[in-house]
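Here is the structure we will look at, set down as structure tokens.
Computed over heavy atoms, backbone and side chain alike; hydrogens, waters and symmetry mates excluded. By convention in this document, chain letters (A, B, ...) are assigned in the order of the sequence lines, proteins followed by strands, and residues within each chain are numbered from 1.
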Amino acid sequence: MSIMSLQNVKVCFESQVILKSINLEIKRGEAFVIIGPSGQGKTTLLKTLSGLVTPQNGKVFIEQKEWLTLSFKEQLPVLRKMGILFQKNALFDSFTCIENIAFPLQELGTLTEREIEKKAEYFLDAVGMAHARDLFPDEISGGMQKRLGIARALALDPEIIFYDDPTAGLDPITAKKIIDLIIFLKNQQDSTIVAVTNDMNRAYQLADRIGMVIDGGLLMTGTPEETRNHPDLRVQQFIHGNLTGPLNAMT
Amino acid sequence: MKFLAEIFGELGGTLLFLKTIMTTLVNKKIRRSDVFTQIWSVIIASFPTTAMAGFFVGAIMTVQFALLMNEFGALGYLGGLSTSATVREIGPLLIAFMLSGKVGAFTSAELGTMRVTEQIDAIRCLGSDPLQEIIVPRFIGIVIASFFLLGFGLIMSIFGGMILGDIFAGVNFQEYLRHIPTVVNPVSILFGTVKCGSFAVVTATVSTYKGFTTTGGAKGVGKAVVSTSVMTMILIVLMDWFTSFIGDIVLQIARGYRS
């Protein structure tokens, strides 16, 4: 059963076409990883799936509801089932680490101050950042900011979590730790994951299904095994990181 | 033609944004603590500059009027006239320029940075309305704080006028203050207050709109700040003319000169 789907979605920014005629279904509980060269529309695809980007054409369904026809009030219960880790983390820089996690909990309006603090501390501890409780985002490292972003995304116990390049700019060890953390949290919460990454090792590690975006279109979707053995030369060039091939002309 | 279309596009966008702010203000619950924080931060940010500018505007007005009134032998009215001019025109205009230069630019830069670093998207994704959370409190904060700053700026301008009146024209403090109530009537105060409020609405709307709709990274934030300053200055001057024009008509009708 699909939790999100796109039907003939076209997204343009001013005169530039970013996504053209995308059809995609994400099943409940699966981990779908979007791969593809830089500047081809991966983040836009993720943001369209999460309802953050409004397409010029086509339909977006989230939890069987046609997203673009809903008012913000009607979207709110669904939004609260989602968590997003942004590419640049989008942490609130005037809030401390604990306040960043507490923010969505406060907005719920159903928890007491004590409950909010306890829950925020739990998530901070879950990502191994209990010691950074009262520090501001610009006082912690890039890896810690990623972990804080993950903790904030998880604060509302979301059913759908979007990760926009969760390992960007991190060293291999920290990147592996972050992916392990995402997999651990997925198994614990049985949530649906949509992630963007350029790192094929992490993609294979995380994905139930992989989709490759090239030139604003979805070139293929398939299991990690199907992706490895895909006959398209562009897929093969990308996953093996070859310097020569058909992608060079595009990127 | 394209230039005109852009100007009308900007004006239309700003007015629609004001409508959205008003709808949010009426329909959604705004946290009082957020509003008080904004009022306080605007007052703190603009307090020293408003005090200094208010003092010197009062002083300048007094010197200018003293030169003229000395010729007519009417120095006794110096305090009343310079205060009246400050209350009706210079005071609100000065506060508005202060607010647009300091608070307006700061607000659009702050919101613009939040936009380009995806913090505004994050607020929405975390199940909150960015308008309710960050825009409306700032809007109310700027508007309410402007009245406090106007009052304070006017007090400082009277103080500046008193000192310069004494030094420059030999009008002592008692004499300076004596004719203020006769010249500065409630209509002048009402005019000043309405102007101050309308200028503050212009500054608050433009700065939040420009910040909220920023695109394109650091360069985009810079553009938003410049555009906020230019647009608020132009709109404040236009609004000054408009409020004076409307005020004059209302006054004529009230006095029975016009039906």
### Task
Give, as side chain, backbone, both or neither, the part of A/Leu91 having an atom under 4.5 angstrom from any heavy atom of chain B.
backbone
### Query
What part of A/Asp93 is in contact with chain B, defined as an atom under 4.5 angstrom from a non-hydrogen atom: side chain, backbone, both or neither?
both
Taking the side chain as everything from C-beta on, heavy atoms only, tell me whether [X] gets closer than 4.5 Å to [Y].
X	Y	result
B/Gln119	A/Phe86	no
B/Glu133	A/Phe103	yes
A/Phe92	B/Leu126	yes
A/Phe72	B/Lys28	yes
A/Lys47	B/Asp121	yes

A quick test of your reading: do over 12 heavy atoms of other residues, nucleotides or ligands sit less than 6.0 Å from [atom1] of [X]?
X	atom1	answer
B/Lys223	NZ	no
B/Phe106	CZ	no
A/Phe136	CZ	yes
A/Lys10	NZ	no
A/Gln16	CD	no
B/Phe47	CZ	no
A/Lys88	NZ	no

Please state whether the side chain, the backbone, both or neither of [X] comes within less than 4.5 Å of a heavy atom of chain A.
X	result
B/Thr117	backbone
B/Lys29	neither
B/Ile123	both

### Spacing of OG belonging to B/Ser128 relative to CG belonging to A/Leu76, to within rounding of 0.5 Å
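Nearest 0.5 Å value for the OG-CG distance: 7.5 Å.
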### Message
Quick check for you: to the nearest 0.5 Å, what is the distance between B/Asp129 atom CG and A/Gln75 atom CD?
### Response
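Separation between the atoms: 10.5 Å.
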### Query
With no hydrogens and no angle check, do the side chains of A/Gln106 and B/Arg31 hold a donor and an acceptor under 3.5 Å apart?
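There is no such pair (donor and acceptor under 3.5 Å, judged by atom type) between the side chains of A/Gln106 and B/Arg31.
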Taking all non-hydrogen atoms of both residues, which atom of [X] and which atom of [Y] are closest, and how far apart?
X	Y	value
B/Cys125	A/Ile84	SG-CD1, 3.3 Å
B/Ala122	A/Arg152	CB-NH2, 3.5 Å
B/Glu118	A/Ala90	O-CB, 3.4 Å

